[in-house]
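Below is one structure, written out as structure tokens; the observations come after it.
In this text the structure is predicted, and so the values were computed from the model without any measurement. Proteins come first, then strands; the chains are lettered A, B, ... in the order of their sequence lines, and each starts at number 1.
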Amino acid sequence: MRTYDTDSITLEEVRDNVWEIPQSGEMNVPARVLASESLLEEISGDRTLQQLKNTTELPGITKYAVCMPDGHQGYGFPVGGVAGIDAETGCLSPGAVGYDVNCGVRMMRTNLTYDDLTGTETELVETLFEAIPCGLGGGGVLEVDRKTVDELLNAGVEWAVDAGYAVEEDLRRCEDEGRRPEATPDAVSQEAKDRGRSQIGSLGSGNHFLEVQRVTDVFDPEIADAYGLEPDQIVVLIHTGSRGLGHQVCTDYLAAIKQSHSELLDSLPDTELAAAPAGSELAASYYTAMCAAINFAWVNRQVVMHQTREVFETVFDRPWESMGMELLYDVAHNSAKLETHEIDGENRELYVHRKGSTRAFPAGREEIPETYRSVGQPVLIPGSMGTGSYVLCGGDAAMTETFGSTAHGAGRVMSRTQAKREFWGGDVQQELQDQQHIYVKADSGATIAEEAPDVYKDIDEVIAVSEALGIGKPVARTFPVCNIKG
DNA sequence: ATGTTC
């Protein structure tokens with residue numbers, strides 16, 4: 001058997017693209033990295049493997065901890081990590097969800113072609129940048145009062161329908177129909193709500209963005225047809241999360257859990273993995289607060305999409321409906337969810353923690369919108385602003401291999417600090433425009449440098465692993481036209 | 001990711 005050795009951890013190759021850290025010591029289960037050898041080499045360059053191994057010490061974790069091909073280190077738990085933890089005997093860990101609760105992406109279709117956009121790129125990118133707040137801090141499209149924030153934390157995208165920022169059809173094209181019904185606004189601190197009130201309809205910072213793209217490749221015509229995608233078509237990808245509200249929920253509950261459950265904390269190899277035991281009061285309240293933050297993020301992406309529709313109306317001087325600007329799908333990248341999975345022949349109720357990982361349910365699952373159910377759920381995987389993105393379809397193997405999950409992006413290979421040393425934002429921007437006809441706009445050159453295409457792993461290789469394992473099947477590829485960066 | 005180092 002081939003092995004891959006690092007200073008402290010040895011992985012065994014189970015088969016192509018599957019590497020295992022065997023169970024030993026305090027580990028409750030093994031850990032698996034799903035990666036080609038070259039991706040594994042990148043993954044082993046930071047603390048990801050140690051964090052993944054630490055994750056297996058969480059009580060109640062089942063089967064194995066998973067690291068996706070785009071994995072990198074995160075707070076306590078790797079970004080690109082999946083853990084299915086028993087919901088009765090296990091625990092719930094905020095660090096295994098992430099600070100940006102329901103960070104995720106949605107794709108909106110249009111019936112425009114690349115030719116329709118040619119010549120409007122500069123106006124389009126400028127108008128989008130004007131209409132959609134970017135960067136750190138407050139300032140969203142909306143500012144709502146305290147009563148309204150409670151309503152939308154509870155109702156999710158249904159609130160946006162009532163408030164005129166969404167149509168009924170948008171609801172049906174969101175994971176969980178844009179609402180986690182378990183959400184309890186009372187479990188969210190006033191501080192978190194006050195941070196969120198002024199941030200509805202904003203991108204935020206980091207790797208968040210809005211990108212106008214064109215479909216360059218269709219790999220599976222039948223599924224692409226079901227998703228309403230064809231070559232040369234213009235689509236819009238929106239990547240943002242729950243902003244300061246979700247961050248505050250994570251901060252609040254990490255502090256409370258560390259204080260109330262020190263015994264569990266002391267048994268874990270990293271305080272950043274702090275977890276509330278299943279059945280505890282804090283597990284229940286964190287779950288309902290996290291669901292509220294999930295709903296907030298869906299409303300946020302919905303309002304950003306609403307703004308995008310209005311921008312297209314301005315630039316192309318037509319109603320958005322006539323441009324076919326329908327939501328294709330919206331997926332969460334950071335969440336914990338109660339799901340039933342078969343473990344060793346037994347159906348078990350799990351808190352499936354996905355952090356930087358996308359649900360990828362295959363054909364037939366009732367959780368998938370009816371229009372897509374016969375083919376499988378759309379999985380949206382953004383790449384860097386110079387390489388484009390993929391639309392995948394959930395594969396059968398996801399249910400047996402990865403708790404119904406696949407990757408979520410390209411994954412960084414370089415720190416932001418290092419990126420700013422290596423690249424000059426203005427040069428990156430000019431090069432993208434001159435050589436690839438990609439129009440990028442951001443608040444500062446530093447933002448563009450930090451997100452330069454070369455700071456990311458090879459998205460094609462990440463997707464190839466997903467395809468080879470049968471957890472996500474490539475349907476279409478897109479290429480950037482205009483990009484506004486948080 | 002983040003009112004960017006409470």
Side-chain angles (χ1 to χ4, degrees), chain A residues 46-48 51 70-81 93-105 133-140 143 149 188-210 238-256 258-259 271-274 286 289-290 292-294 296-298 300-301 304 331-336 353-358 382 384 408-412 414-420 425 442-451 455-456 485-486:
Chain A
D46 61 22
R47 297 191 63 243
T48 310
Q51 289 187 335
D70 54 337
H72 58 94
Q73 69 181 33
Y75 178 89
F77 188 100
V79 177
S93 173
V97 173
Y99 271 92
D100 191 3
V101 178
N102 193 6
C103 176
V105 292
C134 297
L136 275 172
E143 173 141 11
V149 85
V188 178
S189 68
Q190 194 57 55
E191 190 182 6
K193 291 175 190 174
D194 284 340
R195 287 181 72 175
R197 282 199 297 143
S198 63
Q199 296 185 320
I200 301 158
S202 65
L203 283 184
S205 66
N207 62 357
H208 290 166
F209 65 82
L210 180 150
I238 295 165
H239 182 194
T240 182
S242 53
R243 304 295 330 278
L245 184 143
H247 192 276
Q248 193 63 48
V249 166
C250 186
T251 304
D252 291 342
Y253 279 95
L254 275 171
K258 282 179 187 170
Q259 195 168 25
T271 54
E272 294 183 355
L273 279 177
Y286 169 67
M290 179 202 64
I294 286 173
F296 181 88
W298 273 320
N300 186 29
R301 288 198 285 278
V304 171
V331 297
H333 286 165
N334 286 4
S335 98
H353 297 66
R354 297 187 182 91
K355 178 183 183 182
S357 171
T358 318
S384 78
H408 86 305
R412 293 189 79 86
M414 192 187 294
S415 73
R416 294 183 178 277
T417 316
Q418 195 188 340
K420 278 180 285 197
D443 256 332
S444 73
T447 303
I448 297 176
E450 287 176 11
E451 292 292 315
V455 313
Y456 282 98
K485 289 297 306 183

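- More than 12 heavy atoms of other shown residues, nucleotides or ligands fall within 6.0 angstrom of atom CD in A/Gln418.
- Rounded to an integer number of Å, the gap from CZ of A/Arg243 to C1' of B/dT4 is 12 Å.
- Nucleic acid contact for A/Gly98: none, since no nucleic acid atom lies under 4.0 Å from a heavy atom of the residue.
- Computed from coordinates, the A/Glu450 CD to B/dT4 P distance equals 15 Å when rounded to whole Å.
- Note on A/Gly241: nothing from the nucleic acid sits closer than 4.0 angstrom, heavy atoms only.
- Atom C1' of nucleotide B/dT5 and atom CG of A/Leu136 are separated by 13 Å, given to the nearest angstrom.
- A/Asp194 meets the salt bridge (Lys or Arg N to Asp or Glu O under 4.0 Å) test with A/Arg146, A/Arg197; sequence neighbours excluded.
- In this structure, CG of A/Asp252 is placed 13 Å from C1' of B/dC6, rounded to the nearest angstrom.
- Phosphate proximity of B/dT2 to A/Ser205: present, with a side-chain N or O under 4.0 Å from OP1 or OP2.
- Between the P atom of B/dT5 and the OH atom of A/Tyr99 lies a distance of 11 Å, rounded to the nearest Å.
- Using a 4.0 Å heavy-atom criterion, one finds that A/Gln199 contacts the sugar-phosphate atoms exclusively.
- In this entry the distance linking CG of A/Asn334 with P of B/dT2 reads 11 Å, nearest Å.
- Between the C1' atom of B/dT4 and the OH atom of A/Tyr75 lies a distance of 17 Å, rounded to the nearest Å.
- With rounding to whole Å, A/Asp194 atom CG is found 17 Å from B/dT2 atom C1'.
- Under the 4.5 Å side-chain criterion, counting only non-hydrogen atoms from C-beta, A/Asn102 is not in contact with A/Ser335.
- With sequence neighbours excluded, the residues satisfying salt bridge (Lys or Arg N to Asp or Glu O under 4.0 Å) with A/Arg416 are A/Glu450, A/Glu451.
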